[in-house]
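The next block holds one structure in the form of structure tokens; read it before the comments.
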Amino acid sequence: MTTSADVIRSSRFRAEREAGWQRLAAIVAAAEKRGLSKLDFDDARDLVPLYRQAIASLSVAREISLDASVVDYLESLCARAYLLIYAPRETLRGLFTRFFTRSAPQAVRRSAMVILIAYVVMTIGAVAAYLLAMSDPTWFYAFVPESLAGGRGPRASAEALKRLLYDKEGAELGGLGAFASYLFSHNTQVALFSFALGVVVCVPSLLLALYNGAVLGAFTAIHAQKGLALDFVGWLSIHGVTELSAVAIATGGGLSLGLAVLFPGQRSRAAALRKAGRDAAKLALVAALMLVVAGVLESFGRTLVTSLWARIVIGWGLGVCWLAWFSLCGRKRGPVGAIDQMVPADRIGEAS
Amino acid sequence: MGWPKNRRERKARERMVRAGEVKQGKVLSLIPPEGAPLNLAVATIAARCGAQLIDFIITTLATIVLFLVISVLSRPGMAGESAIGGLIVLLLGAPFYMLCELFMNGRTPGKRLVGIRVVSRDGAGLSTHQVVMRNLTKEVEVFLPISFLLTFQTMPSWLVILMFTWLAAVFAVPIVNRANQRLGDLAAGTAVIVDPRPVLLEDVATKADQATLERFVFTSAQLDVYGAYELQVLEKLLRPQARATAAPSPGKERLNGLTAVGQRIRAKIGYDESVEPKDEEAFLRSFYVAQRGYLEKKKLFGEARANKFHHGEPTASAVLAPAPGPIRSTASPAASNGAEGPGRTNEPTNQVQHSSTKGLT
């Protein structure tokens, strides 16, 4: 029984199509080197049809060919072309525009309830600690670790407290220098932890929110006892409104993850967690952004602006700006871009 | 599948993995919108750690350089430098990885050097959300515990133990996972694969000329012995370039190897004529062509033969293993007495040749 090479079906199959595969490989190599937009007209036009042909060849080769090298080659070639053709098509500008005008405020609105819960829990912590510290100043030490107190405490004199509040030089850290150290400081960590730990059925996040509120309440109490309540509020407002909102939003993100674990509904827990993760990731980005803004305010604003009312106006004015962004932006459904159309139905949420 | 025993074997295998001849380790099956599954080699944990290390070195160096530039440019006593420094540290963290992976199509500079990339498991393109998700979680999953451990003298011991447990769990997840996914990959629905490098080797069948093919003639009964697996081992054996680089002296050793394999095949299929050593390659080539034509014809009619153990099996179950590449010998009890035929082992080609020559002498 004889079989010559050109009657082997798979050899003929390969011979007929090889030129197309080689051309596709060349186009893919060129596109990876110089970018898709730099392709010739002919190459750009032929890329996708050639890719489809290669995929079809792969399917056929798997069925008819016992030449392992061809199947392996086609598999690698198709994968390479697939990765090129379905690459993310983002521009930096489009990315930021979409985030700021649509996806971030929409995510915050969708998560309004959990963020509100975070605020409420923080307030409860603050009120409780305030009342306790007012009745017995030693409670202050129960809530505030020494590293955070920085010389402030029930035993500090009113003058000392006041000097810390209105310190123009920024004494120990040197004004702007505070910003760098601030970035990884207390509230950033709290935000990070309350976000990350939310997955553990919400409890650690809520405890952290409660504790963070308690620290706030304890500080307010020691200042109130010296008659500096309003000054303290002003000192805190300029960055605190933004910063505590960031913590609340991060906590809200963590809570939504925890709620997905607790009440997955019709989905599996993993699927519910993935779905909650879409909004939670955006909340984390919003919180990070707000923390950076708060850091700038803390290092620049707090030492440059020492007037009480200016501090309050700047702080709460910025708070109103955040609120306006979250509540007003992205109400209208924006024009549907090419990217949105490419996204399969179950992934719509992440593109909008 | 045996692990490479010494350095030379390991190098040879790595080369073949890179050339796409052998798929090693875990394989991820992606289904692109076109519907034909693509099997991609999953990046090893070592490769990913290497890429991470390179990225870390790059970002650290960039940070240091930027800090130096700032300290040169700023006048003494100017306070803004540490604020800018803080921003640099922040931007060269997670945002760096996110933007790189988005704009470099699933790669960072480190991943690019190592030759791996991130893909979306659902077969659609990588989305912004996935990139953000896997890098945000990396922050919490890996960097935070590590940075905590660097300062662990100041931490209570229960927290240190907790962090170590967490880190151990975090590193255990990709080892156990089928596609080496870490927690962040699971959350984002992504995986890291070896960048596919297409290499088209020439068709062994077209190398044989008509005269040789007519000189050696095989009967159906003779072609009935082997299956696809043995065919592909023979294919690798006949491919010159794969071995030319691996074996130190290709000429004589190769000839001995071919003779040994040829003799085994002739004994197994009952081919009576004796073949001169110089004609051994021609014999094997024509056997390859005949065998491939025969098996492909059988396959077209629905009778795929995975290997030489197809005789006892009912026809319906004799289907090829779905994974292409080296078809592993099915776990048949007879596999242990694989002393005959080219299908003795699925080690790389030089291995086959080497062991078969040893068997002869």
Side-chain angles (χ1 to χ4, degrees), chain A residues 1-5 7-11 14 18 21-22 25 52 55 58-59 62 64-73 75-80 82-84 86-88 90 95 174-177 179-180 182-183 192 196 273-274 277-278 281 284-285 292 295 299 342-344 347 350-351, chain B residues 20-21 32 34 36 38-40 79-80 82-83 85-86 89-90 102-103 105-106 117 119 124-129 131-133 136 140 144 187 189 196-201 203-206 208 210 213-214 217-220 223 228 231-232 235 289-290 292-296 299-300 324-325:
Chain A
M1 173 175 180
T2 34
T3 320
S4 88
V7 291
I8 295 192
R9 199 177 285 263
S10 60
S11 286
R14 170 175 169 169
E18 202 174 316
W21 305 339
Q22 305 276 22
R52 297 242 162 90
I55 284 266
L58 173 64
S59 295
R62 277 180 182 153
I64 68 157
S65 178
L66 288 177
D67 187 355
S69 66
V70 165
V71 179
D72 282 353
Y73 168 74
E75 192 139 33
S76 296
L77 178 67
C78 290
R80 191 119 200 169
Y82 153 75
L83 288 170
L84 178 76
Y86 291 94
E90 293 286 0
L95 203 66
L176 303 173
F179 178 61
Y182 167 79
L183 278 174
L192 197 57
L273 203 56
R274 268 200 289 277
R278 291 206 173 123
L285 290 181
V292 170
S299 53
M342 266 172 55
V343 173
R347 282 170 55 173
E350 73 198 61
Chain B
E21 285 176 48
E34 284 72 26
L38 300 173
N39 300 304
L40 300 158
S82 50
V89 170
L90 193 77
L102 258 185
F103 293 115
N105 192 6
R117 76 201 306 167
V119 293
L126 204 58
S127 74
T128 316
H129 167 76
V131 170
V132 169
M133 196 67 186
L136 271 187
V140 181
L144 195 73
R197 292 197 186 143
V199 179
L200 184 54
L201 304 168
D203 194 342
V204 174
T206 53
Q210 200 58 41
L213 292 178
E214 275 162 19
V217 178
F218 303 94
T219 64
S220 302
L223 295 176
L231 182 78
Q232 282 161 7
E235 175 191 327
V289 171
R292 195 170 122 195
Y294 182 77
L295 286 177
E296 283 179 357
K299 196 176 170 181
L300 267 187

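In what follows, every heavy atom counts, from backbone to side chain, and hydrogens, waters and symmetry copies are set aside. Numbered from 1 within each chain, the chains take letters A, B, ... in sequence-line order.
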Okay, A/Leu273 and chain B: the region with an atom under 4.5 Å from a heavy atom over there is neither
Smallest heavy-atom separation, B/Arg292 atom then A/Ser11 atom, equals NH2-OG, 3.3 Å
Okay, B/Glu296 and chain A: the region with an atom under 4.5 Å from a heavy atom over there is both
Cut-off 4.5 Å, heavy atoms of chain B, and the answer for A/Ser69 is both
Next item on the list: Mark yes or no for whether B/Glu34, through its side chain, and A/Arg52, through its backbone, hold a donor-acceptor pair below 3.5 Å.
Entry: no
Shortest non-hydrogen pair, B/Val289 vs A/Ile8, comes out as O-CD1, 3.4 Å
Closest heavy-atom pair, A/Glu75 versus B/Asn39, reported as atoms and distance to 0.1 Å, is OE2-N, 2.7 Å
Exercise. So, A/Glu90 side chain and B/Leu102 main chain: donor-acceptor pair closer than 3.5 Å or not?
Worked result: no
For B/Glu235 and A/Leu66, the nearest pair of non-hydrogen atoms, with its separation, is OE1-O, 3.8 Å
Output for pair (A/Ile55 CD1, B/Leu38 CG), nearest 0.5 Å, gives 5.0 Å
Bottom line for A/Ala284: the part with an atom under 4.5 Å from chain B's heavy atoms is side chain
Closest non-hydrogen contact found for A/Ala281 with B/Leu136 is O-CD1, 3.9 Å
Sorted by chain and residue number, the salt bridge (Lys or Arg N to Asp or Glu O under 4.0 Å) partners of A/Arg80 (sequence neighbours excluded) come out as A/Glu32
Looking only at heavy atoms, the pair that brings B/Leu300 and A/Arg9 closest together is CD1-NE, 3.2 Å
